[in-house]
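Below: the structure, in structure tokens.
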Amino acid sequence: MAGIAEDGGHITRIAVIRCDIVSETCPGVGCFKAFNKRTVHFKDYDRNTEMVAFFTCGGCSGRRVHRLVKSLLRHGVDVIHLSSCMQMDNYPKCPHIEEIKRTITNAGIKMVEGTHH
């Protein structure tokens, strides 16, 4: 289900996983702003890139990730970003980050650690 851009090139489809706890206070504006402006961890993407999914891990233990990664594969996702809130010390520490990373890489999807920080 690869996307084809107007110029005939490939459309890169990305998704962002974010912390369920942080999602209660963060609407995701920083992630979307960085993507839309192609800054920080999105700087290497061109205009043939779409953010097709933005979801939480489902809470500790990251229970939603495995199920949604399988769905993302069916929708042709090329890259999954782990949001900055899952990576930084000034947010609640994710006790399941290594398992979440393994779930993504074991599915054969490229993973990027970070979004807007």
Side-chain angles (χ1 to χ4, degrees):
M1 182 180 255
I4 304 297
E6 289 179 18
D7 63 6
H10 173 77
I11 293 177
T12 301
R13 292 187 170 118
I14 65 169
V16 173
I17 300 175
R18 64 190 192 138
C19 173
D20 191 66
I21 295 168
V22 175
S23 74
E24 293 178 18
T25 58
C26 174
V29 171
C31 292
F32 279 99
K33 189 174 186 179
F35 173 75
N36 290 334
K37 293 181 180 258
R38 302 299 194 268
T39 60
V40 194
H41 293 283
F42 299 110
K43 69 182 184 309
D44 294 329
Y45 295 107
D46 62 19
R47 63 183 182 87
N48 291 331
T49 306
E50 300 174 337
M51 185 182 302
V52 297
F54 187 80
F55 60 97
T56 73
C57 63
C60 294
S61 66
R63 66 185 186 275
R64 184 181 294 159
V65 175
H66 178 72
R67 187 171 61 245
L68 291 180
V69 164
K70 290 168 92 175
S71 177
L72 291 171
L73 283 169
R74 290 191 303 271
H75 292 284
V77 165
D78 301 293
V79 183
I80 296 177
H81 281 253
L82 298 177
S83 65
S84 294
C85 60
M86 296 179 82
Q87 308 292 308
M88 297 175 61
D89 291 334
N90 60 332
Y91 291 102
K93 183 162 177 55
C94 177
H96 304 283
I97 193 72
E98 294 306 319
E99 183 177 340
I100 290 169
K101 289 177 186 178
R102 272 192 305 279
T103 298
I104 296 165
T105 55
N106 287 347
I109 300 175
K110 181 181 174 185
M111 181 186 60
V112 175
E113 296 184 46
T115 52
H116 63 291
H117 288 281

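- Put simply, the side chain of His41 never gets that close to the backbone of Val112: no donor and acceptor are under 3.5 Å apart.
- Separation of the Phe54 and His81 ring centroids does not fall under the 6.0 Å cut-off.
- Contact record, His75 with Arg13: O-CD, 3.6 Å, taken as the closest heavy-atom pair.
- With a 4.5 Å cut-off on side-chain heavy atoms, Val79 and Ile109 do not count as touching.
- A continuous path of hydrophobic side-chain contacts links Met86 to Ile80 [ILVMFWY only; heavy atoms under 4.5 Å].
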Could you give me the CA-CA distance, side-chain angles and deciding distance for Thr56 and Arg64, then say whether side-chain contact (heavy atoms from CB on, under 4.5 Å) is met? CA-CA 8 Å; Thr56 73; Arg64 184 181 294 159; 2.6 Å; yes

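- Summarising the geometry of Cys31 relative to Val16, their closest heavy-atom pair is SG-CG1, 4.5 Å, with the distance given to 0.1 Å.
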Given His10 and Asp78, is the side-chain contact (heavy atoms from CB on, under 4.5 Å) satisfied, shown in steps? CA-CA 11 Å; His10 173 77; Asp78 301 293; 3.2 Å; yes

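- Shortest non-hydrogen contact noted between Gln87 and Leu82 is NE2-CB, 3.4 Å.
- Pairing each heavy atom of Val22 with each of Cys85, the nearest pair is CG1-CB, 3.9 Å.
- Taking CE of Met111 as the start and NZ of Lys101 as the end, the distance is 5.5 Å to the nearest 0.5 Å.
- Checked by atom type, the side-chain pair Ser83/Thr115 shows no donor-acceptor distance below 3.5 Å.
- The aromatic rings of Phe35 and Phe42 lie perpendicular to each other, with more than 60° between the two planes, well past the 30° mark.
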